[in-house]
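Worksheet for the structure shown next.
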Amino acid sequence: MKQTTGGEIVAQMLANEGVEKIFGIIDGTYFGLYSNLKKFGIDLISPRHEACALHMAGAYARLTGKLGVAIASNGPGVANALAGVAVENGEGNRVMLITSTRRTGIGYPDRGGTYQYFNQVGVIKAMAKWSGVASSFNRIQEMLRRAFRVSYHGRPGVVHVDVPEDIVNGKTDAQNFIPPQRYRRLHPIAATDEQVEHAAEMLARAKLPMIHAGSGVIHAGAYAELQKVAELLHAPVTTSWGARSVLPETHELAIPMIYIKLNHLVRNEADLVLTLGSRLGETDWWGKPPYWASPAAQQMIQVDIDEEIFGLNKPVDLAILSDLKIFLRRLGEKLAALQNKMPLTERQKAVKKFQALARKDRQQFNKHLDDNSAPMNPAHVAQTCREFFADDAICVMDGGNTAVWAHFYHEARVPNTILQTAKFGMLGAGVAQALGAVVAFPEREIYCIIGDGAMGFNLQEIETAVRNNLKVIYLVCCDKQWGMVKMNQQFALKPLKTIVKKSLGPDETINADLNEIQFDKLAESMGAHGERVAAPAQLRPALERCRAAGKCAVIHVDVNPVKHMWAPGLIHFKEIHKEPKGK
Ligand SMILES: Cc1ncc(C[n+]2csc(CCOP(=O)(O)OP(=O)(O)O)c2C)c(N)n1
Ligand SMILES: [Mg+2]
């Protein structure tokens, strides 16, 4: 009988599921897996930290709609991967993690002193959607089938399969495989005709319906369908932070999340909300007053792929379990026939008012752009990028205040072009997300605006970018401080002095300052292109040189540390930490 290794069985199953890319770091304990990847046409891309492998896989999955696969080796490799498991599961990215564990018989449970061993399944089970161990050759397929099934069920997240080294590397008789359609559902879940009809009737009759879009729209790739339905209803569209960019912000119906008071207003004026693929979590103010109208004054239709999400934070009037793309397409068909039943003139009037308010806020924000002093006002960073890069470039935002500034001066013009950790706020994840983005879309431009603190968490991945020819442009906003936290501290310690002086002295805050890292020089030491700028006018020429360099590039951007602390909208971010007052 033909022989195979456990690792080859795993590789075969991944290939059967259409996996083309895997992210992770090699180790002898799963040689039998990664040595078989090439044969199945799967590329292995290796970062220099396992958490980054998870972030790369998560970004790849979010951008492509495919499964993101990461590997990590037993003990230390998995310990390092845990941060990535927490974040990618929290963000809801469809990731499968395959790990090695020590040989059968000395783990599960630890025999007592087993080298590079901990209960990986026990730990990851508490952090992810599902985790299991393939404890024999005959259980590899079963465990992977189960992991795939769970991965495609409900809200996306991380699933994990642990395989002992003697199973990955050891030989067994060749096995037969069944195709994915024989072990999991491939067709999308679809709303019934009656449900779509009911939703259409409610939406047509409403005075001012609005749409609130969450990351579910991204996972369903339902951008065109969303736009069509919004247009048919003439309904304003707000998004969760994670779903920013699902509707181009150049569209008259888009309510960009950065106009925070306007978001509150829209959410209070609407008498009906169509919530798509969103839990209405903390950064959506839990769907509660005073940020939203009360459930007595505002009905909600909630459409989701995950039944557990219905009415989670805001009572629902019509709950529809459905793939969003299918639901929105069918809803569009129904709404087209109901056009004359809708109070469209009133809705248009309301939208015009919202647009005027957005323009007013924009003018206010744009005042920062008149400030051409050096070191620069951080507003220039995202603004210059937005003018420089193509509309379909992917913008990764990472850092504390840096991410806030980036959001406020960015404009999303093409769906699914922003990467961040909107739920987790994980400093440093962006370094790796940007790399995963290039793997997903090698022909598109990818840039990452990141804080100097955040960049410090994953500096080593610049070498990964150079080694794998991943042409990310990193713009590191250097204020030599944990800016966002320093600002919080200042208000906690000496609020009056902070308001009057704008900043406290060096000894008046607690461990908030950092020394300088010369990020341009550091990048050059790893073979990347380096630039350093301090004046706004220097930024565009630097970006041009980075583009011309044709490789990974890092721009050390000196920003004014005091101005940087006064990022727009900070008061709202503080408010978000408190329970909304309304019922
Ligand atoms: C991994 C991680 N550790 C700690 C924090 C807490 N934290 C939130 S913002 C922040 C400061 C960020 O500094 P930097 O990246 O330089 O951005 P800046 O605010 O200065 O723009 C810290 C420490 C976090 N979000 N993530
Ligand atoms: Mg900083």
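No hydrogens, no waters, no symmetry mates; every other heavy atom, side chains included, goes into these values. Index from 1, following the sequence. Predicted model only: the values in this text are computed from it and were never measured. Order of appearance sets the numbers: ligands from 1, and atoms from 1 within every ligand.
For a threshold of 3.5 Å applied to N or O pairs, the pair formed by Gly400 and ligand 1 contains at least one separation below that value. At under 3.5 Å, not a single nitrogen or oxygen of Phe457, backbone or side chain, sits near a nitrogen or oxygen of ligand 1. Backbone and side-chain nitrogen or oxygen atoms of Trp482 are examined, and none is located within less than 3.5 angstrom of a nitrogen or oxygen of ligand 1. The distance criterion of under 3.5 Å between nitrogen or oxygen atoms is not met by Gly399 with respect to ligand 1. Geometrically, ligand 1 and Met426 share no nitrogen or oxygen pair separated by less than 3.5 Å. At least one N or O atom of Gly453 sits closer than 3.5 Å to an N or O atom of ligand 1.
Assignment of Cys477 to the shell around ligand 1 is not supported, since no heavy atom sits closer than 4.0 Å.
Put simply, the residue from Arg244, Arg413, Arg386 that forms a salt bridge (Lys or Arg N to Asp or Glu O under 4.0 Å) with Glu249 is Arg244. A side chain to side chain donor-acceptor pair (under 3.5 Å) with Asn74 holds for exactly one of Thr29, Thr101, Asp162; it is Thr29.
Scored by the ring pair (Phe, Tyr, Trp, His ring centres under 6.0 Å) test, Trp241 finds Phe573 as partners (sequence neighbours excluded).
Contact annotation for His564 and ligand 1: only side-chain heavy atoms (C-beta onward) come within less than 4.0 Å of the ligand.
Within the 4.5 Å cutoff, side-chain heavy atoms of Phe491 are placed close to those of Ile499. Residues Thr464 and Cys52 have side chains not in contact (no heavy-atom distance under 4.5 Å, counting atoms from C-beta outward). Taking 4.5 Å as the limit, some side-chain heavy atom of Pro47 sits within range of a side-chain heavy atom of Met56.
Residue-and-atom listing of protein N/O/S atoms under 2.8 Å from the Mg ion (ligand 2), sorted by chain and number: Asp452 OD1, Asp479 OD1, Gln481 O.
Taking CG of Leu475 as the reference point, atom SG of Cys385 lies at 4.5 Å (rounded to 0.5 Å).
Between Val476, Val485, Ile450, it is Val485 that holds the heavy atom closest to atom 22 (C) of ligand 1.
Ring pair Phe457/Trp482 is tilted by interplanar angle, where 30° to 60° counts as tilted.
When each atom of ligand 1 is checked for a heavy atom of Asp479 under 4.0 Å away, the hits are 20 (O).
Taking the charged nitrogens against the carboxylate oxygens, Arg540 and Glu531 have no contact shorter than 4.0 Å, which rules out a salt bridge.
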